[in-house]
Amino acid sequence: MSRTPGGPVSAAPSPNALPSYLDPSNLGPWGIYLQQVDRVTPYLGNLARWVETLKRPKRALIVDVPIHLDDGTVAHFEGYRVQHNTSRGPGKGGVRFHQDVTLSEVMALSAWMSIKNAAVNVPYGGAKGGIRVDPRRLSRGELERVTRRYTSEIGIIIGPNKDIPAPDVNTDEQIMAWMMDTYSMNQGSTATGVVTGKPIDLGGSLGRREATGRGVFTVGVEAAKHIGLDIASARVIVQGFGNVGGVAGKLFAEAGARVVAVQDHGGTIYREAGLDVPLLLKHVAEHRTVAGFEGAESIPNDQFWDVDCDILVPAALEAQLTKDNAGRIKARMVIEGANGPTTPEADDILHDRNILVLPDVIANAGGVTVSYFEWVQDFSSFFWDEDEINARLVRIMKAAFAGIWQVAQDHKVSLRTATFIVACKRILHTRELRGLYP
Ligand code: GLU
């Protein structure tokens, strides 16, 4: 309530009213996240009194990213960095370059990072960044300038102890190298721990590039045991064949599974006898898409959802499994390699059809887990071998998944809700311990 001296008390919004851009009826990614939080609130006990904390990002920065294009003109791009929650430690989460990036999306992705980091119990809060740009339309020089200017603009809120970016959609080791260099130049000293997912020669970690896919595979194997699914004879289909889907597909194939269909932005390929995954990975490295791969037939994109399979790995973008295709999916298990690939309606349909969904917030947490190892190695300037990294990753993923599975059984809830219960309790417990300042 606001009061003009001597005048009437005017009706101002209550201090807890959500600003319009946080309105839950706006069902973009942020609205979906809010629904997920509402679903777990009844399970949070006394900690539920802090739940509002999770419904608004701590800090959101929008930056203008102007660069000189190669033709001499100036172009402006919009960039974001959102720190959703830092109760458990510095912000942590990737940076994506995509023409459809919006503030709502980055807010949701930052919140999912808070949940994910708490779910695997790495000492981080959640953050995410992005630039609204189609990097395929930029030359290498333009890409470097966009990256450096963006890093400089968000430099006021990132840092090895504040918020640590990493790769995400369309960003890679080279982009992390430029980010690390730009931040370091502005600081006056080399700060390798400001980003993870760097090249090995710049303080990167062995096993980081494969970590997300390895985590997808690890939780897939654990869940398969619970539902009596034999990986060695399973049929797998994968959407997105980059860092996440490509590695997960390779590991499933090595375990004896048949990867029968793969879809990416270029098209959909199918082979009943199973694709030769190493050969397909070579093709993708060269052509940047699975389209045109000779060892498979090409099928219409929409048919991907009808392919007979045991495991579906969506490892591309958000909102791919919707109410329109969830009823057609043949899989017994969906492993979310991407962030937010399943809409809430699709989630309900899959649940009703008894299809197990391993949610993003645990299924793809392998990437940030090895990011944590990278950050620790950078601080101690002591680097571990790959076997040690993979063994630690598998141990953390298995333990986290086992705990979540148990919570799902105890409360008779989905694995997504169970993961949110575990994570929200951890976050809100630290919130309560720290108390409010001032
Ligand atoms: N972008 C990845 C994710 O969504 C990794 C984030 C990180 O390593 O910080 O989990």
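All residue numbers refer to positions in the sequence shown, counting from 1. These numbers come from the heavy atoms of this one structure, side chains and all, not from hydrogens, waters or symmetry mates. Start at 1 and go down the list; that is how both ligands and their atoms are numbered. Just so it is clear, the model here is predicted, and its values are computed rather than measured.
Annotation: atom 8 (O) of ligand 1 to nearest protein heavy atom, Ser371 OG, 2.5 Å. At the shortest separation from atom 6 (C) of ligand 1 among protein heavy atoms lies Gly94 N, 3.7 Å. Summary of contacts: the protein heavy atom closest to atom 1 (N) of ligand 1 is Asp168 OD1, 2.7 Å. The closest protein non-hydrogen atom to atom 7 (C) of ligand 1 is Ala166 CB, 3.3 Å.
Side-chain atoms of Asp163 never come within 3.5 Å of backbone atoms of Ile157 as a donor-acceptor pair (strictly under, hydrogens ignored). A donor-acceptor pair under 3.5 Å is formed between the side chain of Asp264 and the backbone N or O of Val290.
Around NZ of Lys282, the count of heavy atoms belonging to other residues, nucleotides or ligands within 6.0 Å does not exceed 12.
Contacts with ligand 1 closer than 4.0 Å are made by no heavy atom of Thr212, backbone or side chain. When non-hydrogen atoms are compared, ligand 1 lies under 4.0 Å from the backbone of Pro167 (N, CA, C, O) but not from its side chain. Neither the backbone nor the side chain of Arg96 has any atom closer than 4.0 Å to an atom of ligand 1 (non-hydrogen atoms only). Only the side chain of Lys128 comes within 4.0 Å of ligand 1, counting heavy atoms alone; its backbone N, CA, C and O stay farther away.
Under 4.0 Å is where a charged nitrogen must lie from a carboxylate oxygen, and between Lys198 and Glu374 at least one such pair does.
In this structure, NZ on Lys92 lies 10.5 Å from CD1 on Ile158, to the nearest 0.5 angstrom.
If you number the atoms of ligand 1 from 1 as listed, the ones under 4.0 Å from a heavy atom of Met113 come out as 3 (C), 4 (O), 6 (C), 10 (O). Proximity to Gly93 (heavy-atom distance under 4.0 Å) selects the following atoms of ligand 1: 9 (O).
Taking the six-membered ring for Trp and thresholds of 30 and 60 degrees, His226 and Trp405 have nearly parallel ring planes, at less than 30 degrees apart.
Here atom 9 (O) of ligand 1 lies nearest to Lys92 when heavy atoms of Arg208, Lys92, Lys116 are compared.
Between Ile164 and ligand 1, no pair of N/O atoms sits closer than 3.5 Å.
Aromatic rings of His265 and Phe241 (six-membered ring for Trp) have centroids beyond the 6.0 Å cut-off, not under it.
For the residue pair Thr430 / Arg88, no side-chain donor-acceptor distance below 3.5 Å is found, with atom types taken as modelled.
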